[in-house]
2 protein chains.
Amino acid sequence: MAIEKTSDILFNTIDISIKKYRQLVQQSLVENDVDVTIDQWMVLSAFNETPDATQQQIANTINKDYASVTRMIELLVQKKLLKRTTHNQDRRRFNLSITPQATTLLKNLQPIMKANRKTALKGLKNNEIDQLNDLLNKIIANCEA
Amino acid sequence: MAIEKTSDILFNTIDISIKKYRQLVQQSLVENDVDVTIDQWMVLSAFNETPDATQQQIANTINKDYASVTRMIELLVQKKLLKRTTHNQDRRRFNLSITPQATTLLKNLQPIMKANRKTALKGLKNNEIDQLNDLLNKIIANCEA
DNA sequence: CGAAACTATTTGATGTATCAAAGTTTCCGT
DNA sequence: ACGGAAACTTTGATACATCAAATAGTTTCG
């Protein structure tokens, strides 16, 4: 049956779509001589929006493993895009703040990222985007149950 | 605007949905004491359907990098699920064939994988699944353009 | 107070993603 | 037959995914 077949390949389609989008974004970063990965950008972006977040909160925001976040932060500190200082109230954690350099970077990337989304969603109606989001959220809920 | 926001998070939603689905599948593999990863299963499955395929064809079928496929095949050979013999016609490549053990594995996994898809798609109508597929394919096309 | 439970983070191990470069082997045009 | 283009695959390097276990600091409560 046709629908059987579509179900079979749907997850493949989802997989490809996110890969292609990541490629598109990564390509735009390279073209603009930005030496961060998409994932690193996500970390920076999350810290920008919630400056006093713990690493776990960041990880949850961008849907990544704590371990991955730890390692990405390490790279961002090396790149001088994040600054790590001791946390007075809780010595298990650190104060992590984005550097002025990172602030500039984020500002420059904002229109680029917006353009990427626009490119990827060209021709899709608003209600289709909403629908896509809703259906995927159903799948997510199903997988978590 | 609401739609702006939805666009912003859509790719996040896509990302999460594929991750959750992979978790669901991986979990089912562990529960059934199957010592292969989803990706390794995809490779085996592809070889099963196209026994005389080149590695590149396999890679294209499952949408993975040639390099990744090379390494996954190496692991599958170690696990005795794939057999590698020299190719008489073309010495650049190998004859890769799934072992009887792999055939059994694939047969056992078939209902499990089907159940996983059913679980993940519970409550979605056939036309919604089709729609999802179509919309994602549009995004893929946009990213490739 | 002090042990147990909990929280935040790191580390280790294994696997995949991605791009670039290299290694072979085959094919094709002259 | 020869040289270069093309094809199939591997290797290297770096980064992220995932799960489990280890660290280290904090809180709770008897």
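In this text, all values refer to a predicted model and were calculated from it rather than measured experimentally.
Counting any heavy atom pair closer than 4.0 Å across all strands shown, B:Ser68 reaches a base atom. Residue A:Thr37 is classed as a sugar-phosphate contact, given heavy-atom separations below 4.0 Å to backbone atoms only. When heavy atoms are screened at a 4.0 angstrom cut-off, B:Arg71 is found touching base atoms of the nucleic acid. Within the 4.0 angstrom heavy-atom criterion, only backbone atoms of the sugar-phosphate kind lie near A:Gln40; the bases stay farther away. A:Gln55 comes within contact range of the sugar-phosphate backbone alone, with a heavy-atom separation under 4.0 Å but no base atom that close. Residue B:Thr70 is classed as a base contact, given a heavy-atom separation below 4.0 Å to a base. In this structure, A:Asp65 reaches the bases: a heavy-atom distance under 4.0 Å links it to at least one base atom across the strands shown.
Not a single donor-acceptor contact under 3.5 angstrom links the side-chain atoms of A:Arg92 to the base of D:dA24.
Between B:Gln89 and C:dT25 there is no side-chain polar atom (N or O) within less than 4.0 angstrom of OP1 or OP2. For B:Lys64 and C:dA17, the shortest distance from a side-chain N or O to OP1 or OP2 is below 4.0 Å.
The backbone N or O of B:Ile129 sits nowhere less than 3.5 Å from a side-chain atom of B:Asn133 that would complete a donor-acceptor pair.
Taking the nucleotide of DNA chain D with the nearest heavy atom to each of A:Arg91 and A:Asp39, the more 5' of the two is matched to A:Asp39. Along DNA chain D, the nucleotide nearest A:Leu75 and the nucleotide nearest B:Gln23 are compared for position; the residue whose nucleotide lies closer to the 5' end is A:Leu75.
What separates CD of A:Gln56 from P of C:dC6 is a distance of 15 Å, to the nearest Å. Remark: C1' of D:dC8 and OH of B:Tyr66 are 9 Å apart, rounded to the nearest angstrom. The nearest whole Å value for the distance from the NE2 atom in A:His87 to the P atom in C:dA8 is 11 Å. Rounded to whole Å, atom P of C:dT18 lies 9 Å from atom NZ of A:Lys20.
Other residues, nucleotides and ligands contribute over 12 non-hydrogen atoms within 6.0 Å of the CD atom of B:Gln57. Summarising the local packing, NZ of A:Lys19 is surrounded by more than 12 heavy atoms from other residues, nucleotides or ligands at distances under 6.0 Å.
Between the CG atom of B:Asp130 and the CG atom of B:Leu124 there is a distance of 11.0 Å, given to the nearest 0.5 Å.
With salt bridges taken as basic N to acidic carboxylate O contacts below 4.0 Å, none links A:Lys79 and A:Glu74.
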